[in-house]
Each structure stands twice: as C-alpha cells, then as structure tokens.
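Since the structure comes first, as structure tokens, the remarks are kept for the end.
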2 protein chains.
Amino acid sequence: MSSPDRPLENADQQAQVFERVRKAHQMEATEDYVELIDDLIRTQGEARLVEVAERLGISQPSAGKTISRLQRDGYVTSEPYRSIFLTDKGKQLADSSRERHDIVFKFLLAIGVSEDTAKLDSEGLEHHVSDETLGVFKRLIKQHSERQAKK
Amino acid sequence: MSSPDRPLENADQQAQVFERVRKAHQMEATEDYVELIDDLIRTQGEARLVEVAERLGISQPSAGKTISRLQRDGYVTSEPYRSIFLTDKGKQLADSSRERHDIVFKFLLAIGVSEDTAKLDSEGLEHHVSDETLGVFKRLIKQHSERQAKK
DNA sequence: GCATAAACTTAGCCATGGCTAATTTTTGGA
DNA sequence: TCCAAAAATTAGCCATGGCTAAGTTTATGC
Ligand SMILES: [Mn+2]
Ligand SMILES: [Mn+2]
Ligand SMILES: [Mn+2]
Ligand SMILES: [Mn+2]
C-alpha cells in the first residue's frame, strides 16, 4: 500500500518552502482585512468595526485588536469610536490583494469549478499563489474567455 | 481607478467562507507534520525530532511542542528521547494529505508552472483545495498526460 | 433633550506556534 | 568503558488571533 518511493528532497530546500508558507500566513490577515475594509468603503461609504467583525465571523474585540495591529503597521488609520480608513500603503495592498483574489476566483471558474466552491477555495488559495502561477492562471482565463466568445 | 462595482455579498455567507479558511489553518500544521513524519519513516526508517525540525526550518523545541500536541490529539506516539511513530489516524491523515499535495503539485506542472514554483506553491495551496476542485485538478492532469502520450 | 440601544473599548483569558538558554539523556568513538 | 557530542527536554519568553464580560462613548428615537 506504499506510494512510489519519492526520495527526500534536500533539507535546506524543504525548509525554505515551509518558511515561505509561514511568511504568506503572516500577511494573510492583513490582506483579508484591507481588502474587506476597501470593499466596505466602496459600497457603504465607510468601514465600521461592527461590519468588519460580522463579515469575518468573529467578535468585535477580536477584529478591533487586529485593526490596532494594522494601524501600528501603517495599513489603516482610525480614531476611537470612529470608522476605519486605509492609508496609501493599505489601499495599495487592498488593490493588489483584490486583483490576485479575482484572478484565482476566475481561474477556478474557467477550469469548471462551481461558483460556490470557487468562492470558498479562492479565499484561502489566494495567499499562496506566486507571480509565476498567477501569470499562468491569467493566460488560461484569457484562453477560456476567447473560447467562450468563439462559441 | 476603481474596479467594477462588485456588490457586497451576504454577510453570513462571507463569514462562513472565512470560517472555513480558519478551519483549514487549524489542520495545516498537523497535515504537514504527519506527511513529513511518514516521509522520514519511509526513507530513513524512523522519524527523529532533529530531522523534523531541520526540514521544517524551525528549532527543535518548537517542533517538539507541536509533536506533543499531535500526540495529545492522537496522531503520533513517542516516548521521551525516542523517535516518532504515526498512529493509524496519523497514517491515514498522512496518506490523504500526501495524495492531495501530489495532485496539486502535478496539476501546477500540467498547466505549465515550473517545478520549483510548483513545489513552493503547492505546499501552501494544498490545504485550501476542496474535493470538488481536487476532482477538476485530477481530470486536467489526466487530460494533460493523455495529450503527452499522443504526441 | 434624554433614555436606550448600538458601537466600541478595555481587561483578561486561552491556544498555537515561534524563539533562546539551560539541562538531561542517549549515543558513539577512542 | 567512559566521555564528548548529539539529541531531546524543560523553562520561560513573545506575537497572533481567537474568546467573554464589563464599561464607555456615540447615535437614535421618542
Ligand atoms: Mn481575499
Ligand atoms: Mn483570503
Ligand atoms: Mn503536504
Ligand atoms: Mn503544506
């Protein structure tokens, strides 16, 4: 019942792979928050903590603590009891995160995954896709839409 | 410079998406550890903490603490100063994790991603791929290998 | 305009997963 | 055999990201 013998790869190389995943996870909350805050500002005119917490499915104090960290790290500004604003740095990260998220989502649709599943999977996948892979995704999205147009 | 107006989705739905990502992250360390431990047992005859830590790129105490948790949760057994063994539950998780990891890796190769990037990306992506998406990946891997054979 | 409700903050708890320094146990070579 | 090196453990630190309970501020509706 054993799989084919994969020889172990070099230990250092493998360590670098795991290190990269840890780095991605470090940025994950930041990316999801700024993307969500930007969405709320666009559609509601402002981003309130209560709405951020509700959409993330966590408590207000939990969301508030992370917002404080984002402020500390220069992604957002916010005065006590007021709504949340993105800094330039935060807006830039929101834009690039949304773009990447959209590409992953559309790619999943293009290869035949359902809307619901694509929405679920892309929320986690987006943070682990390299630029190289993203480029391949974009190419296949384009091919798919061209195929659709021709039909 | 604004993107097309995406209306906000339902808050509850969105919360469920994020909740699913949090669940996936809860399992992530467990899956990576049991997969690695299984690889070490297959190729080295045993899994030593020193090797687990080296390959994850973390300190021995950090790896040891997580191994304790895996033991507490029934994935591994290990006596003090001895090597690490997988329980049936751990072996099953290792097998299914490796299988999923391999599918993601081979899928990336099939769509034209380089070996190095596929190795990097698949280590993070694997934990966020649903069964539905995995099925699509498998289909496309098969199509690709058939195309290769025909050529 | 005032009372109540909603929003937010504060305080304090917990688990996970990193770390270093110091100690203990095991192992292997002279 | 025994001693030094390697492996593992213990202790104690930290950041992140969850939580609840309780208090404060702001907004709302009568
Ligand atoms: Mn996103
Ligand atoms: Mn996300
Ligand atoms: Mn894996
Ligand atoms: Mn992994």
Side-chain angles (χ1 to χ4, degrees), chain A residues 11 15-37 40 44-85 123-124 127, chain B residues 11 15-37 40 44-85 123-124 127:
Chain A
Q16 282 178 322
V17 172
F18 284 114
E19 196 184 353
R20 179 162 170 279
V21 175
R22 288 193 294 271
K23 283 273 155 60
H25 283 152
Q26 273 186 351
M27 287 304 296
E28 179 153 350
T30 303
E31 291 167 353
D32 286 337
Y33 273 70
V34 297
E35 193 186 338
L36 174 55
I37 289 164
L40 290 173
Q44 323 276 288
E46 61 174 357
R48 303 295 319 203
L49 182 60
V50 61
E51 182 90 6
V52 171
E54 191 195 351
R55 287 185 172 275
L56 292 173
I58 63 181
S59 69
Q60 258 181 70
S62 296
K65 205 198 292 189
T66 298
I67 295 290
S68 295
R69 187 166 54 73
L70 295 192
Q71 187 156 25
R72 182 198 69 193
D73 295 342
Y75 295 101
V76 306
T77 60
S78 156
E79 288 151 72
Y81 298 98
R82 290 278 120 81
S83 68
I84 304 149
F85 300 91
E123 190 60 71
H127 310 281
Chain B
Q16 283 179 320
V17 172
F18 284 113
E19 197 184 352
R20 181 163 168 279
V21 176
R22 288 194 293 271
K23 283 273 155 60
H25 284 153
Q26 274 187 351
M27 286 306 296
E28 180 154 347
T30 303
E31 291 168 354
D32 286 337
Y33 272 71
V34 296
E35 195 187 336
L36 174 55
I37 289 164
L40 291 173
Q44 323 276 290
E46 62 174 355
R48 303 296 317 204
L49 182 60
V50 61
E51 182 89 6
V52 170
E54 191 195 352
R55 288 186 170 273
L56 292 173
I58 63 181
S59 69
Q60 256 181 74
S62 296
K65 208 200 288 192
T66 297
I67 296 290
S68 295
R69 188 166 54 74
L70 295 192
Q71 187 155 24
R72 181 199 67 191
D73 295 342
Y75 295 101
V76 307
T77 60
S78 157
E79 287 150 74
Y81 298 96
R82 291 278 121 79
S83 68
I84 304 150
F85 299 91
E123 189 59 72
H127 309 280

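These figures come from a predicted structure and were not determined experimentally. Below, read A as the first sequence line, B as the second, and so on, with proteins coming before strands; counting in each chain starts at 1.
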Test side chain to side chain contact (heavy atoms under 4.5 Å, CB included) applied to R82(B) - qualifying residues, sequence neighbours left out: E79(B)
Those residues at least two apart in sequence (or on a different chain) that pass side chain to side chain contact (heavy atoms under 4.5 Å, CB included) with A53(A) are Q60(A), A63(A)
Is Y33(B) close to L56(B) at the side-chain level, that is, under 4.5 Å between some pair of heavy atoms? yes
Mind checking what makes salt bridge (Lys or Arg N to Asp or Glu O under 4.0 Å) contact with E35(B), not counting sequence neighbours? none
Listed once per pair and sorted, the salt bridge (Lys or Arg N to Asp or Glu O under 4.0 Å) pairs that draw on residues 53-66 of chain A, sequence neighbours left out: E51(A)-R55(A)
Comparing nearest nucleotides in DNA chain C, the 5'-proximal residue of the pair R82(B), T66(B) is T66(B)
Can you check whether R48(A) has a side-chain N or O nearer than 4.0 Å to OP1 or OP2 of dA7(C)? no
Only counting residues at least two apart or in another chain, list the ones meeting side chain to side chain contact (heavy atoms under 4.5 Å, CB included) with S68(A). none
Gap between atoms CD and P, on E79(B) and dT9(D) respectively (whole Å): 11 Å
State, yes or no, whether a side-chain contact exists between E19(A) and K23(A) at a heavy-atom distance under 4.5 Å. yes
For F85(B), side chain to side chain contact (heavy atoms under 4.5 Å, CB included) partners two or more places apart: T77(B), S83(B)
I need the residues from residues 18-33 of chain B with at least one non-hydrogen atom less than 4.0 Å from DNA chain C; give them sorted by number, or say none. A29(B)
Contacts to DNA chain C from residues 55-63 of chain A, heavy-atom cutoff under 4.0 Å, which residues? Q60(A), P61(A)
Residues from residues 70-78 of chain A lying under 4.0 Å of DNA chain D - heavy atoms: R72(A)
Could you state the atom-to-atom distance from CD of Q44(A) to P of dA7(C) in whole Å? 13 Å
Any side-chain heavy atom of T30(B) within less than 4.5 Å of one from D73(B)? no
Quick check on DNA chain D: between A47(B) and K65(B), whose nearest nucleotide comes earlier from the 5' end? A47(B)
Give the rounded distance in Å between these two atoms: CG of L49(A) and P of dC8(C). 5 Å
Go through the structure and list residues passing salt bridge (Lys or Arg N to Asp or Glu O under 4.0 Å) with E28(A), not counting sequence neighbours. none
Rounded to the Å, how far apart are I67(B) CD1 and dT9(D) P? 9 Å
Results of salt bridge (Lys or Arg N to Asp or Glu O under 4.0 Å) for R48(A) - residues two or more places apart only: E46(A)
